[in-house]
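Read through the structure below, which is laid out as structure tokens, and then see the notes.
Residues: numbered from 1 along the sequence shown.
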Amino acid sequence: MRGCWAKTFPNMAAMNSTRHSLRGAFTLGTASALDYVLQFILPIVLVRSLDPTAFGEYRILWLVTNTVMAIAPLYMPQSLFYFLPRAGERRAPYVANVLWFLGLMGVLGALIISPWNPLRPELLHGLPGANDLIPAFVLLWVASTLVEWLANAEGRVGAQARIVITLSLTRVVIVGAVAWFTRDIHAVFFALAAFALLRCLFVLGDILRRYGKAGLTPNSGLMRQQIAYAAPFGAAGMLYNLRQQSDQWIAASLFSLQQFAAFSISLVVLPLAGLIRQAVSNAILPAMNTRHHQGDVLGAVAINRDANTLTGILLFPVLVYLFVFAEEVIGLVYTVQYLDGAQPMRVYLLGLVGQALVVNNLLITLAQGRFQMRLNAFFLPVAVLLSLGGASVYGLTGAALGSAVTQWGSHLLSIRHVSRISQVGASRLIDWSALAQFAFAGMFAGLLAYFAVRALDTPSMGLRLLVGAAVFSSVYFLSVFWSKPARTLYAAIKH
């Protein structure tokens with residue numbers, strides 16, 4: 001085992017850096033999994049508290065908010081992963097710059113969706129709280145975005161994990177309780193605004209506690225440096241997120257609120273992959289930037305490769321299980337009113353498999369923001385056309401095509417680009433063999449679980465899910481546990 005690691009890392013510092021990063025990834029991954037479970041619970045409460053039309057309005061609120069969030073942060077919070085490891089004792093101005101930037105962008109976002117803007121989206125007209133609560137919520141949500149990144153960018157991975165879980169639990173309790181007792185969508189929107197205000201107060205208190213007034217004092221010179229670094233990545237992220245949301249806007253525009261509500265249920269799988277991917281990425285970015293700053297490109301590549309392998313071993317079984325039992329999951333969890341979301345969910349799941357091939361962290365470390373911007377600018381109209389064409393031919397299922405197909409295209413082109421500029425072969429950027437083993441183990445387990453449930457022949461969705469989960473998890477665990485990639489990964493995390 002030591003020989004294997006020695007071939008990859010030229011010195012013990014690099015090996016320890018990787019181990020620390022993987023432990024951090026595991027910590028944040030666990031927190032993200034708990035966060036996803038909690039956020040998974042909230043729609044369960046809402047579909048039982050609100051009628052399909054009101055639930056559709058709730059989803060429209062988040063569609064509008066996420067669209068603003070695709071543009072407003074401009075990658076400034078994530079820029080702290082680059083600047084803080086290089087800042088030494090001068091960290092406070094960088095944090096203050098991000099705080100002020102987010103506050104200003106929150107105000108701008110609120111103005112864009114307010115009634116003062118004659119070009120605001122048609123979907124907002126008639127939505128409860130469209131003239132006051134929704135703009136206030138968007139402003140507070142954008143302004144408090146730093147809470148999702150700051151502790152981890154400072155290297156406080158454990159603190160970030162606790163923040164994620166605490167805020168997620170608070171949100172579920174506040175919004176869920178209001179929905180359950182009032183059955184009123186306007187009250188739900190008010191609860192969301194109150195929670196967003198709580199996030200703002202939390203991040204302000206954390207900054208004052210750690211940096212004092214210096215954490216609230218921006219520096220214009222450093223601000224220009226941060227914006228110059230973040231803008232290409234922000235533009236790339238904006239285009240990527242708009243691409244991801246284009247199918248939702250198409251579904252919301254072409255179909256009824258009730259149909260969009262069912263379509264939105266299929267989207268619950270996206271945060272799952274995103275949270276796992278984000279947790280792993282956030283944990284490894286500081287170490288990757290440190291290795292790159294020290295001139296160790298291969299060390300940064302190795303950290304990213306192992307992080308992708310960790311993503312694959314966690315993500316593949318979840319995606320396969322949800323693909324096999326999509327109807328049962330939606331019917332049992334969200335009621336049979338939303339079964340139309342099963343087929344779009346399967347399309348999204350196929351697209352999410354590519355999350356184990358992500359080299360975005362290497363693009364960030366190598367300052368390839370312009371490439372990401374060009375890539376996402378190319379795929380945005382492709383996604384829109386695919387979703388429009390798919391929706392017109394295949395209905396709700398076809399609307400999901402744009403996002404799924406372009407995900408794979410962007411991952412593969414990114415691998416090719418990183419391989420070319422780093423002079424590292426694609427076989428070293430991605431552990432293809434390990435990912436193939438995990439993927440085949442997941443498919444084999446899913447096939448056996450499917451036939452086991454078919455043989456059971458019971459109308460109970462809950463029983464089908466339980467039997468399927470028991471068979472699937474047993475087969476997948478036995479298939480993967482003794483594999484060499486899994487043992488290597490476990491040893492890296494353990495030590």
Side-chain angles (χ1 to χ4, degrees), residues 38-39 41-73 102-145 147-148 167-168 170-203 241 245 248-249 251-253 255-265 267-268 271 334 338:
L38 290 169
Q39 298 311 319
I41 292 171
L42 185 54
I44 297 174
V45 176
L46 293 177
V47 296
R48 289 165 170 80
S49 305
L50 306 172
D51 60 59
T53 299
F55 185 69
E57 292 172 333
Y58 172 82
R59 290 299 201 183
I60 292 293
L61 165 70
W62 279 109
L63 176 57
V64 171
T65 303
N66 289 333
T67 301
V68 173
M69 285 294 296
I71 303 169
L102 291 174
L104 292 173
M105 293 302 286
V107 171
L108 181 61
L111 289 174
I112 290 173
I113 64 169
S114 73
W116 297 328
N117 177 18
L119 300 178
R120 72 171 177 167
E122 184 69 26
L123 292 174
L124 278 171
H125 295 172
L127 208 63
N131 295 336
D132 41 40
L133 270 180
I134 292 178
F137 169 71
V138 168
L139 188 160
L140 294 168
W141 196 260
V142 173
S144 62
T145 304
V147 75
E148 301 172 12
L167 289 178
S168 181
T170 304
R171 175 181 165 188
V172 171
V173 170
I174 291 175
V175 178
V178 168
W180 185 262
F181 288 108
T182 67
R183 314 279 170 161
D184 179 34
I185 189 63
H186 193 272
V188 170
F189 287 175
F190 185 86
L192 282 169
F195 173 72
L197 176 61
L198 184 64
R199 289 203 335 165
C200 282
L201 295 175
F202 180 89
V203 73
N241 288 321
Q245 294 165 20
Q248 299 176 53
W249 281 102
S253 302
F255 304 106
S256 68
L257 269 176
Q258 293 88 340
Q259 288 175 303
F260 176 70
F263 180 83
S264 72
I265 290 297
L267 302 171
V268 298
Y334 298 106
Y338 299 94

> What's the verdict on side-chain contact (heavy atoms from CB on, under 4.5 Å) for Leu192 and Leu61, showing C-alpha distance, side-chain angles and the deciding distance?
Replying inline: CA-CA 10 Å; Leu192 282 169; Leu61 165 70; 3.5 Å; yes

>> I'd like to know whether Leu167 forms a side-chain contact (heavy atoms from CB on, under 4.5 Å) with Arg171, so could you lay out the CA-CA distance, the side-chain angles of the two residues, the decisive distance to 0.1 Å, and finally the verdict.
In response: CA-CA 6 Å; Leu167 289 178; Arg171 175 181 165 188; over 6 Å; no

> CZ/Arg183 to CG/Leu50 distance, rounded to the nearest 0.5 angstrom?
Replying inline: 8.0 Å

> What distance do Gln248 atom CD and Phe263 atom CZ have between them, rounded to the nearest 0.5 Å?
Replying inline: 6.5 Å

> So which heavy atom on Gly109 is nearest to which on Val138, and how close?
Replying inline: C-CG1, 4.3 Å

> Taking the side chain as C-beta and beyond, is there a heavy-atom pair between Thr182 and Phe190 under 4.5 Å?
Replying inline: no

>> Test your reading of the model: is there a side-chain donor-acceptor pair from Gln259 to the backbone of Ser256, 3.5 Å cut-off?
In response: yes

> Does any N or O in the side chain of Asn66 come within less than 3.5 Å of the main-chain N or O of Met69, such that one atom is a donor and the other an acceptor?
Replying inline: no

> Between Asn117 and Leu111, which heavy-atom pair has the shortest distance, and what is it?
Replying inline: CB-O, 3.7 Å

>> Quick check for you: to the nearest 0.5 Å, what is the distance between Leu123 atom CG and Ile60 atom CD1?
In response: 4.5 Å

>> If we count only N and O atoms by modelled type, under 3.5 Å, do the side chains of Trp62 and Ser264 hold a donor and an acceptor together?
In response: no

> If we only count heavy atoms from C-beta on, is the Arg59 to Leu257 side-chain gap below 4.5 Å?
Replying inline: no

> Which atoms form the tightest heavy-atom contact between Ala143 and Gly103, and what is the distance?
Replying inline: CB-CA, 4.2 Å

>> Give me each pair satisfying side chain to side chain donor-acceptor pair (under 3.5 Å) with a member in residues 185-201, each pair once, sequence neighbours excluded.
In response: Ser144-Arg199, Glu148-Arg199

> Should Leu63 and Thr67 count as side-chain neighbours, where that means a heavy-atom distance under 4.5 Å?
Replying inline: yes

>> On a heavy-atom basis, which atom in Arg120 and which in Ile113 lie closest, and how many Å separate them?
In response: NH1-O, 3.2 Å

>> Quick check: closest heavy atoms across Leu139 and Ala110, and the distance to 0.1 Å?
In response: CB-CB, 3.9 Å

>> Quick one, Trp141 and Phe195 - any side-chain contact, counting heavy atoms below 4.5 Å?
In response: yes

>> Test side-chain contact (heavy atoms from CB on, under 4.5 Å) on Phe137 and Val64; report intermediate values, then the result.
In response: CA-CA 11 Å; Phe137 169 71; Val64 171; over 6 Å; no

>> For the CZ atom of Phe55 and the CZ atom of Arg48, what is their distance to the nearest 0.5 Å?
In response: 10.5 Å

>> I need the minimum non-hydrogen distance between Leu38 and Ser168, along with the two atoms involved.
In response: CB-OG, 3.4 Å

> Atom OG in Ser49, atom CG in Asp184: separation rounded to 0.5 Å?
Replying inline: 11.5 Å

> Hey, what do you get for OG1 (Thr145) to CG (Leu140), rounding to the nearest 0.5 Å?
Replying inline: 10.5 Å

